[in-house]
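Presented below is the structure to which this report refers.
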Amino acid sequence: MKRVMEKLEAFMALGGIKKDIAFLAISGVAVVCSLLKIQPFPFDMAWVAIVLCGLPIIMEAVIGLITAFDIKADVLVSLALIASLCIGETFAAGEVAFIMQLGALLEELTVARARAGIEMLVHLTPQTARVKRDGRGEIIPAEQVRVGDRIRVLPGEGVPVDGIIVSGQTSINQAVMTGESLPVDKSVGDTVSSGTVNQFGAFEMKAAKVGADSAIQRMIRLVQSADAGKARIVSLADRWATWIVVTALTAAAGTWIVTGEVLRAVTILVVFCPCALVLATPTAIMAAIGNATRHGVLVKEGDALERLARVRVVAFDKTGTLTRGTPGVAHVHSALPELAPQQLHLLTAAAERRSEHPLGKA
C-alpha cells in the first residue's frame with residue numbers, strides 16, 4: 001500500500017508549479033462564475049475548482065494518513081470539502097479548495113525562490129578541469145577528476161576541486177568560501193578550494209578532495225539540509241495543527257448534536273482550518289533562508305533562525321561585511337622633503353599601472 005501511495009504522490013507531482021498555476025487560474029475563473037451564477041455547462045462551475053484543487057488536497061490527506069498517519073491541515077480541509085458536498089454547498093467547497101491551493105502554491109513558490117540560492121552555488125562550481133595525465137594535457141568534466149591529478153588553472157578560471165599548489169603563484173578570490181572580499185596571495189604549498197576564482201597568474205595544483213568531498217559541494221549540501229521542518233517552531237505548529245483537527249472535529253460533532261443543523265457543523269470545520277498556523281511558519285523560515293543565502297549568509301537549519309531571535313550581541317570579523325572590502329588610497333605622505341606627496345602618488349601609480357594586484361589597482 002505504501003508503494004502505491006508513493007507512486008500516486010509522484011503522479012500528482014507531474015507538471016510541477018506550472019501545472020499548479022494553470023489549475024489555480026482555471027479554478028479561480030470557475031469559482032467566480034459560480035458566484036455570479038454563470039453556468040455555461042449543465043453543472044455548477046464550482047465543481048471545476050473542486051476537481052482541480054480539491055481532489056489533490058484530499059489525496060494528500062489520504063496519502064499522509066496511510067503512509068505516516070500524519071494529521072495536518074489537509075485532513076481538516078478534506079473533511080470540510082466532503083461535508084460541504086454532502087449538504088449541497090458546492091460553492092463553499094470550491095471556494096475552500098481554491099483558497100487552500102492558493103496558499104499551497106504561494107508556499108511552493110516561496111520555497112522555490114529560497115532554493116535559488118543553492119542553484120547559485122551550483123553554478124559557481126567549474127564544470128571542466130585542465131588535467132595533465134601521461135604527460136598530456138586534456139580538458140575533462142570536473143566530476144572525473146581523481147585524487148592526485150595535476151590540474152592547471154589559468155587566470156580568470158574557477159578552481160575545479162580542492163587541492164594544493166605545486167607550481168606557480170597567484171591571488172585567489174575566495175569570497176564565496178570565507179567571505180573575505182580581497183583576493184588572497186597563494187604560492188607553492190598553499191591550499192585552494194573548489195569554487196574560488198583565480199585572479200591572475202597560472203598555476204598547477206594537485207587534487208586533494210574531489211566530487212562530493214570538495215568544499216563547494218559540502219557547502220551546497222549544507223544549504224540543502226536547511227529544511228524548515230528542523231525548526232522547533234515548525235514542529236510546534238504541526239503539533240498544534242493536530243490538536244486543532246481533533247478540537248474542530250469535537251466541536252463540529254457537538255454543534256451538530258446540540259443544534260441538529262449540519263450546516264453549522266460544516267461551518268465549524270471550515271472556520272477551524274489551521275492553514276495560517278501550518279503554512280505561514282515554514283514559508284517564513286524558508287524565505288528567510290533563501291534571502292540570507294542570496295546575501296552570502298548560509299543557514300544550516302531553520303532552528304538557527306529561531307535561536308537568532310534571542311541574540312543580543314553580534315561580532316563581525318570579515319572584511320567586506322561592515323566595510324567596502326575594496327582597497328583605495330586614503331592618504332599619501334612623502335618621507336622625502338624634496339618629493340611632494342602628489343608626485344609620490346603619481347610615480348607610484350605609474351609603477352603599478354600594469355599590475356593586476358588589488359593594491360596595485362588601488
Side-chain angles (χ1 to χ4, degrees), residues 117 120-121 123-132 137 139 142 150-209 214-216 218-219 291-298 311 313-362:
M120 179 187 69
L121 292 176
H123 293 323
L124 291 174
T125 309
Q127 302 301 310
T128 59
R130 303 175 185 272
V131 179
K132 295 180 65 175
I139 299 178
R150 292 177 66 95
I151 303 171
R152 184 172 179 82
V153 183
L154 301 180
E157 292 183 343
V159 180
V161 296
D162 295 1
I164 302 174
I165 296 179
V166 294
S167 67
Q169 59 182 10
T170 183
S171 289
I172 299 292
N173 183 346
Q174 48 190 30
V176 65
M177 299 301 301
T178 65
E180 180 65 49
S181 57
L182 291 179
V184 178
D185 293 336
K186 299 281 187 178
S187 59
V188 175
D190 292 331
T191 59
V192 289
S193 301
S194 57
T196 57
V197 181
N198 181 22
Q199 293 293 92
F200 59 87
F203 66 90
E204 287 189 4
M205 57 175 286
K206 183 178 180 181
K209 294 181 180 179
S214 63
I216 190 68
R218 293 198 305 271
M219 182 180 293
N291 193 31
T293 302
R294 287 193 299 275
H295 287 82
V297 179
L298 299 180
V311 171
V313 178
V314 179
F316 295 93
D317 66 341
K318 293 297 181 184
T319 304
T321 304
L322 300 179
T323 62
R324 292 185 178 181
T326 303
V329 178
H331 179 71
V332 179
H333 174 72
S334 176
L336 301 176
E338 66 275 10
L339 186 63
Q342 293 81 359
Q343 290 179 307
L344 176 61
H345 193 187
L346 180 64
L347 293 174
T348 307
E352 295 287 343
R353 183 177 180 183
R354 299 185 182 279
S355 173
E356 296 181 351
H357 195 278
L359 296 182
K361 290 182 179 180

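Note that the structure is a prediction, hence the values are computed from the model and not measured. Any value given below was found using the heavy atoms of this structure, including those in side chains, with hydrogens, waters and symmetry copies removed.
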Handout entry: Qualifying residue for side chain to side chain contact (heavy atoms under 4.5 Å, CB included) with Ile172, from Ile165, Val153, Asp190, Asn198
Key = Asn198
Practice task
Determine whether Ser167 and Phe203 make a side-chain contact, defined as any pair of heavy atoms from C-beta on separated by less than 4.5 Å.
Solution key: no
Handout entry: Side-chain touch Arg152/Leu154, heavy atoms, less than 4.5 angstrom
Key = yes
Fill in the blank from the handout: What one should report as the nearest heavy-atom pair of Ser334 and Ala340 is CB-C, 4.2 Å
Handout entry: From Gln174 atom CD to Gln199 atom CD, the distance as rounded to the nearest 0.5 Å
Key = 10.5 Å
Completion exercise
Here the gap from Gln127 atom CD to Ile139 atom CD1, rounded to the nearest 0.5 Å, amounts to 13.5 Å
Handout entry: Minimum side-chain heavy-atom gap Leu347-Leu339 below 4.5 Å
Key = yes
Handout entry: Within-4.5 Å side-chain heavy-atom neighbours: Gln342 and Val332
Key = no
Practice task
Using a 4.5 Å cut-off on heavy atoms from C-beta on, say whether the side chain of Asp185 contacts that of Gln169.
Solution key: no
Fill in the blank from the handout: When every non-hydrogen atom of Gly156 is compared with those of Val197, the smallest separation belongs to O-CG1, 4.0 Å
Handout entry: Distance-only donor-acceptor check, side chains Asp162 and Ser193, under 3.5 Å
Key = no
Practice task
Please tell me if the side chains of Met205 and Val161 come closer than 4.5 Å, counting only heavy atoms from C-beta onward.
Solution key: yes
Exercise for the section: For the residue pair Arg150 and Val166, establish whether any side-chain heavy-atom pair is separated by less than 4.5 Å. Expected result: yes
Practice task
Compare all side-chain heavy atoms of Glu338 with those of Gln343 and state whether any distance is below 4.5 angstrom.
Solution key: no
Completion exercise
When Lys132, Lys186, Arg130 are each screened for salt bridge (Lys or Arg N to Asp or Glu O under 4.0 Å) with Glu204, the one that passes is Lys132
Fill in the blank from the handout: Scanning both residues in full, the closest heavy-atom pair of Pro183 with Ser171 reads CB-CB, 3.9 Å
